[in-house]
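Given the structure is predicted, the values throughout are model-derived calculations rather than measurements.
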Amino acid sequence: ITGITIPASGWKDLTYTIENAAIQADSIVHIGYAFDSVPPAQKANIRGRTEAGKLILAAKKVPAGDLAVDIPKIIKSHNRK
């Protein structure tokens, strides 16, 4: 999944959801930030979790600007607890 822009105004209750059928509840998702998006993403302290069809990102604070991200790898892990 490439070319995702997460607008700063798109966060609701410090969460942002990316929907894609390739993401499963037990998936391990690798997220890559564009160079200029790394500092605001780090300052926002973003973490993620998966549900069926969704990657839910949670931040400690709303990022200072829009974030450009790619999801280069989704690993289907059937053994994750």
Side-chain angles (χ1 to χ4, degrees):
I1 308 168
T2 59
I4 301 167
T5 299
I6 301 174
S9 63
W11 294 82
K12 182 178 180 184
D13 298 325
L14 297 177
T15 63
Y16 186 87
T17 302
I18 297 169
E19 296 186 20
N20 189 286
I23 301 169
Q24 301 301 313
D26 61 351
S27 293
I28 297 170
V29 178
H30 293 249
I31 301 172
Y33 294 97
F35 183 80
D36 290 338
S37 294
V38 172
Q42 287 177 329
K43 288 179 182 175
N45 195 17
I46 297 169
R47 303 287 186 258
R49 64 181 166 81
T50 56
E51 294 180 2
K54 298 178 183 178
L55 170 61
I56 301 167
L57 301 175
K60 296 271 184 180
K61 65 179 189 174
V62 174
D66 297 351
L67 303 178
V69 301
D70 289 328
I71 300 174
K73 186 184 265 187
I74 298 170
I75 302 170
K76 293 181 179 150
S77 173
H78 299 289
N79 298 319
R80 200 172 112 187
K81 295 183 182 192

Residues which pass ring-ring contact (aromatic ring centres under 6.0 Å, His included) with Tyr33, listed by chain and number, not counting sequence neighbours: none
Side chain to side chain, Val29 and Thr50, heavy atoms closer than 4.5 Å: yes
Verify same cluster id: Trp11, Ile4 (apolar side-chain graph, 4.5 Å): yes
Leu57 CG to Ile31 CD1 distance, which is reported to the nearest 0.5 Å: 5.0 Å
From Ile23 atom CD1 to Ile74 atom CD1, the distance as rounded to the nearest 0.5 Å: 4.5 Å
All pairs passing salt bridge (charged side-chain N to carboxylate O under 4.0 Å, His left out) where residues 60-70 contributes a residue, at least two apart: none
Between side-chain atoms of residues 35-45 and protein atoms elsewhere (two or more places apart, or another chain), which donor-acceptor pairs fall under 3.5 Å?
residue : atom : partner : partner atom : Å
Ser37   : OG   : Ala68   : N            : 2.8
Asn45   : OD1  : Arg47   : NH1          : 2.9
Asn45   : OD1  : Arg47   : NH2          : 3.1

Atom pair CD1 (Ile75) and CD1 (Ile28), whose distance is rounded to the nearest 0.5 Å: 5.5 Å
Please report, to 0.1 Å, the donor-acceptor pairs under 3.5 Å made by any side chain of residues 15-22, with sequence neighbours excluded.
residue : atom : partner : partner atom : Å
Thr15   : OG1  : Lys12   : O            : 2.8
Asn20   : OD1  : Ala22   : N            : 2.8

Sub-4.5 Å side-chain heavy-atom contact between Thr5 and Leu67: no
Results of side chain to side chain contact (heavy atoms under 4.5 Å, CB included) for Leu14 - residues two or more places apart only: Val62
Shared hydrophobic cluster for Ile6 and Ile1 (ILVMFWY, side-chain gaps under 4.5 Å): yes
